[in-house]
Participant: 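Submitted below is the structure of interest, expressed as structure tokens.
Values reported hereafter were calculated over all heavy atoms of this structure, with side chains retained and with hydrogens, waters and symmetry mates removed. Residue numbers begin at 1 in each chain, while the letters A, B, ... track the order of the sequences.
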Amino acid sequence: VTPEAIIRLAQLREQFIRNAGTKLDLIDQSIARLEHHPADRDLLEQIMRMMHSLGGIGSTHGFPQITVSGLAGERICDTILAARREARPEELGVLRENVAAMLAAIRGAPREAEPLADEQRVPSALLVGDLDPVFEEIISASGVSVENVATAADAIALAKLQKPVLMVVSWSLGDAPHLLDSIRNSAVAGHTGLIVAADSLDFLERVEALRCGADAIMERPVDPASLAWHVKDLLDRLRAVAPRILSVEDDPDEAALLQTILESAGYEVRICSEPVYFEADVHSFRPDLILMDYNLPGMSGVELARILRQQDAYATVPIVFLTLADALRQRVESLRAGADDYLVKPIQPALLLSAVAARLERARVLRSLINRDGLTGLLTHSALMERVKISHSLGERKNHRGSALVMIDVDLFKSINDGYGHVAGDKVLVCLASLLRRRLRHSDVIGRYGGEEFVLVLDDVEAAEAEALVNRLAEEFAASSVSLADGTAITATFSAGIAMSRPTRPDATSWISAADSAMYRAKRAGRNRVVMAS
Amino acid sequence: MKVLIIDDEEDVRTVAAFSLADVGGMDVVEAATSAEGVDKAAVEKPDAILLDVMMPGVDGVSTLALLKQNPDTASIPVLFLTAKAMPAEVRRLIELGARGVITKPFDPMNLAGEVRTLLEQ
């Protein structure tokens, strides 16, 4: 599918929205006339045709409610015509309700079409405005397909559908700051690396670009090496998950200490206390680094390291040995077996962390530190996705009551930002985040999915329990208020969709999208409510 | 591949034409009425016809009969477009001689693929 095709489809959708408004007005007028002439078959047929026409295409443009109401209206007209009788007042009432539902769908629906599902997407980059050819060369060299668009409006339309991994925006484009801002505030936020390209920027312009959400600024003449570094860094960061460390340690106290230190730095840690389980742990946990105790029961760390190094898949996993002081022989042996580094026991936390950090690639270290969203302190999108995947696989255990995925979206968030400023909007997000943290169990996953969207994963719950909990959260959030610097108190509500883990939702993506569409139903039903996906 | 779309709804024709041409890379001919469709089928000799069931005047089912009566168009596979996709209705349309049935509203990104799949069957 070409970018032109997607833009054309967005235009067709806009056109449909305009025409649908006119048609609905016409239907409304015809119903009013039918009230006075209930036996007028031409009028009824006219209404039926218009209902049919709206129903037949509504979902095509992302308006399922229009299809449902349009086809329902068509059926009512069809029934009356087939029975060769007058339209009854209650039937006219139902027709009116259907018209109202369709109008609400058009007015209330998100202005942009639903984005494509993840599996349909190839990583793509959007180049917006007049840019040096070097951008296209370097970015396509990194395995990302590149598309050029001329205007900010096209870029926004395309970005929502394609969720590009990278966007390069020419600062000379008239509304570049606005474009960056709207990308940062859209569902694409957190998925898309933003690079600003400019002739030259003064200090204040740089600050503005960064404030608008630019991840990197490239000035002319563009240095290809520096651009390539930024592209790689951004792509790595977007794909990031917390690095996993497997600690092979038989002493429980020592293991607990290592685990505490490493987890505090954002690493995911698994302890292997018995060498016989080493291989199984490596396969299931896929560690990014292994901390190996030299002295283990039955087998030595050196032997385990040799076994690991024989397998191609693990030939490059860094291994850091923990040895006793002054044990020169141990160090030599461990290095020979393929160790990357060794640390002397007793472990000094700072030394352990710096050694581990040095052994993990620089980009991955950065990733672990930005694992939490700066504003809300919740899991970032990438960390969240990893946790959702894990919970999804846990949902298949026996004697497990199920997991609930909750998609929460702050209602009318844009109007809070527009009406009170972004600081107020940020405060609302922080307020919701702290409510979620206070009210949920420590084991529950809480993350910021994007802009004003949050995801919860509640493990081992019944559907009714999850629904009751989220309803309580909604009530509490609606009742709490955020006070601004000038003393104004603002309140906000959220809409939420819940999806339980089920065999019919075979992967994390389908699980999320089930919760997402339930959330949209909550929005369409009038917001400030919770909808359980069927 | 050339496809003739016969549908009185301009909105549906536009999106279907977009889906088949821009997404599916097919040649598209459009007709807004049954009569126009029957004429264009004979002249353009499309590889397939996408035919709306419910049209004012001559509807889709009668249009199919007209196409089947003319030796020039009798062998062109016809795919019905309908919003009433009940199993019984689909069976009836197939028994009348349609190659397949596509339900409205369709997904603009998948329509071309659906057409191809039905034609290959």
Side-chain angles (χ1 to χ4, degrees), chain A residues 1-23 42 45-75 77-78 81 102 105 113-117 119-121 161-162, chain B residues 3 5-28 30-34 50-61 79-86 88-90 93 101-116:
Chain A
V1 181
T2 62
E4 291 78 23
I6 287 169
I7 291 164
R8 173 89 182 110
L9 186 62
Q11 288 167 346
L12 288 175
R13 186 173 184 274
E14 283 300 312
Q15 195 181 321
F16 165 77
I17 292 173
R18 279 195 301 276
N19 292 345
T22 320
K23 271 188 189 151
D42 287 348
E45 257 173 45
Q46 203 184 322
I47 296 172
M48 180 168 82
R49 291 220 54 78
M50 286 188 285
M51 288 279 195
H52 172 81
S53 124
L54 285 167
I57 197 150
S59 288
T60 299
H61 288 300
F63 295 97
Q65 184 59 51
I66 291 187
T67 288
V68 171
S69 300
L71 297 183
E74 184 195 349
R75 262 198 308 281
C77 300
D78 199 24
L81 285 168
M102 288 192 270
E114 308 273 324
L116 296 178
E119 59 270 22
Q120 288 171 282
R121 278 190 287 126
L161 282 162
Q162 294 213 320
Chain B
V3 179
I5 304 170
I6 311 176
D7 195 317
D8 61 304
E9 295 288 343
E10 199 193 336
D11 280 355
V12 174
R13 279 203 314 276
T14 318
V15 180
F18 156 81
S19 304
L20 297 180
D22 295 48
V23 182
M26 302 172 179
D27 290 328
V28 173
E30 295 178 38
T33 64
S34 172
L50 213 53
L51 177 57
D52 186 28
V53 174
M54 194 177 145
M55 292 190 290
V58 184
D59 67 4
V61 171
L79 304 175
F80 270 122
L81 266 177
T82 177
K84 295 195 186 79
M86 313 295 246
E89 172 74 1
V90 171
L93 294 173
V101 176
I102 290 175
T103 52
K104 284 200 289 189
F106 49 81
D107 176 354
M109 291 302 174
N110 288 335
L111 181 66
E114 232 178 302
V115 167
R116 281 211 178 86

Participant: Where on A/E74 is there a heavy atom nearer than 4.5 Å to chain B: the side chain, the backbone, both, or neither?
Facilitator: side chain
Participant: After noting the C-alpha distance and the side-chain angles of B/D8 and A/R49, does the key distance pass the side chain to side chain contact (heavy atoms under 4.5 Å, CB included) rule?
Facilitator: CA-CA 10 Å; B/D8 61 304; A/R49 291 220 54 78; 2.7 Å; yes
Participant: Do you know the tightest heavy-atom contact between A/S59 and B/P105?
Facilitator: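 Scanning both residues, the minimum pair turns out to be CB-CG, 3.4 Å.
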Participant: For B/F106, which atoms come within 4.5 Å of any heavy atom of chain A: side chain, backbone, both, or neither?
Facilitator: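 Its backbone and side chain both get close to chain A.
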Participant: Measuring from atom NE2 of A/H52 to atom NZ of B/K104, what distance do you get when rounded to the nearest 0.5 angstrom?
Facilitator: 4.0 Å
Participant: Chain B: which of A/T60, A/I57, A/N19 shares the most heavy-atom pairs with it under 4.5 Å?
Facilitator: A/T60
Participant: Contact between B/D11 and A/K23 at the side-chain level, heavy atoms closer than 4.5 Å - yes or no?
Facilitator: yes
Participant: Side chain, backbone, both or neither: which part of A/S53 has a heavy atom under 4.5 Å from chain B?
Facilitator: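 When you check distances to chain B, atoms from both the backbone and side chain of A/S53 fall under 4.5 Å.
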Participant: Are more than 12 heavy atoms, taken from residues, nucleotides or ligands other than B/E10, located less than 6.0 Å from that residue's CD atom?
Facilitator: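 12 or below, so no.
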Participant: Using non-hydrogen atoms and a 4.5 Å limit, figure out which bit of A/M50 sits close to chain B: side chain, backbone, both or neither.
Facilitator: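 Neither part.
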